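Owing to the predicted nature of the structure, the values given are computational and were not obtained by experimental measurement. Chain letters run A, B, ... following the sequence lines, proteins first, then strands; residues in each count from 1. Just the heavy atoms: all of them, side chains too, but no hydrogens, waters or symmetry mates, feed the values below.
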Amino acid sequence: MIAYLEAWIRNIVVILLLTSFVELLLPESELEKYTRVVLGLFIVIAILNPILNLFNNNYNFQHITDLLTVEEESSMSKSEIMKRGKKLRNISHQEARNNYKRQLNRQITALLSFDEELPERSVKVNLDSNNKIKKIIIELHNKRVDKSQFDQEIRVDDIEIGNETQKRNSKSNQKSFSKVSSKIKKQLANFYNLNYEQIVVKRD
Amino acid sequence: MEIIKIVGLGLIATILTILIREEEPEIALQLSLVVGILIFALMLSKVVAIIDLLRDLALKAEIDLVYLDTILKVIGIAYIAEFGAAISRDAGEGIIASKIEFAGKVLIMVLGIPIMLAIMESIMQLMP
């Protein structure tokens, strides 16, 4: 209780000192009266605060602070400005990220296009939160795999469309796919300094 | 000695304005405006020191800085309104000067109203 009173009295003294100091700063004009009233209100708050706390324990004087911050136009607009700035930064960040993704995409496509044996493909790049390459997903389009790769290696009977042919076809497909995919993986991993797991080669 | 500098500036400006006023009152007004701003700018670094001190005191007393900001805003409004009103009055425009002061009063009241409302509400809560 004594400590409580001590804090209260100390607070009042400091606030009185502060306001009297501030009053010295005030310009002498008709406005003086008005500023004095506002300063007086602060002293009232300082005196009233502990009494209110004493009478009802759950009383929270914080809401005056809230009131002040909400009602004030300028501080509202300041937070608004901050919010907008954050949003804008996010947008530009996203923009840069997308741009980087696009560029990477183009680069990978260009890289892979050196190898004429590779089938037609589409490239997708995943970035992590630090804008580093997380995963590169390369989708090979099946049709071209068949045409360019297989026809040279294994002759498939095109005329017969039976179960057996399909099976064989898919088997050989599998084999060459793994070959192609390891080739792509090696190339990209070397170029971007990535792990093999970070590069995924898929078929559609 | 900073005060000598400032008083010297003020005196020179005063003499110049008196000399000029007869022939070109507009330029005299501009001169006094510029000197007023100049003196204020010279004092600005000192004002910053005072505000820092106030902040320190407020932090020590564990007063919310929102209160201090409001106080500083009130002082700022008072000063700026004063400055504008004095210049208008100097130029012989008493009506504009009084309107500037009126605006200053209203703005200070607007800053004070939330505090007053909060105090009223708290006192009402005290009553059973």
Side-chain angles (χ1 to χ4, degrees), chain A residues 7-56 58-76 78, chain B residues 43 46-47 50-51 53-86 89 97-98 100-123 125-128:
Chain A
W8 182 30
I9 289 167
R10 202 188 56 214
N11 258 1
I12 290 174
V13 168
V14 172
I15 286 175
L16 282 174
L17 275 176
L18 212 108
T19 43
S20 54
F21 197 73
V22 165
E23 270 176 21
L24 286 178
L25 273 177
L26 289 176
E28 292 148 32
S29 68
E30 276 189 47
L31 292 172
E32 212 178 341
K33 278 184 287 184
Y34 295 82
T35 43
R36 271 177 202 276
V37 169
V38 177
L39 291 180
L41 287 176
F42 280 104
I43 300 173
V44 172
I45 285 183
I47 295 173
L48 215 60
N49 195 3
I51 297 179
L52 285 168
N53 271 332
L54 209 66
F55 277 97
N56 36 354
N58 58 351
Y59 183 76
N60 189 5
F61 221 66
Q62 185 65 38
H63 79 273
I64 289 189
T65 319
D66 295 344
L67 243 169
L68 275 175
T69 38
V70 169
E71 293 258 328
E72 264 181 55
E73 194 191 325
S74 55
S75 72
M76 267 282 275
K78 194 176 154 199
Chain B
M43 281 299 101
K46 306 284 188 289
V47 172
I50 292 171
I51 288 172
L53 175 98
L54 287 179
R55 245 174 235 282
D56 273 1
L57 265 178
L59 275 178
K60 270 200 191 111
E62 287 160 12
I63 304 168
D64 211 310
L65 281 182
V66 177
Y67 298 145
L68 192 74
D69 283 352
T70 312
I71 291 177
L72 291 179
K73 257 180 208 161
V74 167
I75 297 170
I77 290 170
Y79 260 110
I80 293 166
E82 233 278 315
F83 188 70
R89 201 164 279 135
S98 65
I100 291 175
E101 271 177 353
F102 162 74
K105 283 173 197 171
V106 170
L107 287 176
I108 291 172
M109 290 305 278
V110 165
L111 280 179
I113 280 170
I115 308 169
M116 207 164 79
L117 273 179
I119 291 172
M120 287 282 283
E121 198 184 304
S122 330
I123 291 171
Q125 270 187 4
L126 271 183
M127 310 238 173

Side chain, backbone, both or neither: which part of B:Met109 has a non-hydrogen atom closer than 4.5 Å to chain A?
side chain
A:Leu41 versus chain B, heavy atoms under 4.5 Å apart: side chain, backbone, both or neither?
both
Among B:Leu111, B:Ile108, B:Ile77, side chain to side chain contact (heavy atoms under 4.5 Å, CB included) partner for A:Thr35
B:Ile108
Salt bridge (charged side-chain N to carboxylate O under 4.0 Å, His left out) partners for B:Arg55, two or more places apart:
B:Asp69
Is it the backbone or the side chain of B:Leu53 that comes under 4.5 Å from a heavy atom of chain A, or both, or neither?
side chain
Take atom CE in B:Met116; do more than 12 heavy atoms of anything else shown fall under 6.0 Å from it?
no
Got a second to check how far B:Thr70's OG1 is from A:Leu39's CG, nearest 0.5 Å?
10.5 Å
Can you see which heavy atom on A:Leu31 is nearest to which on B:Ala81, and at what distance?
CD1-CB, 3.5 Å
Can you sort out the partners of B:Ala97 under side chain to side chain contact (heavy atoms under 4.5 Å, CB included), two or more places apart, ordered by chain and number?
B:Ala85, B:Ser88, B:Arg89
Out of B:Ile71, B:Val74, B:Ile50, B:Ile123, which one racks up the most heavy-atom pairs below 4.5 Å with chain A?
B:Ile71
Region of A:Tyr34 that comes under 4.5 Å of a non-hydrogen atom in chain B:
both
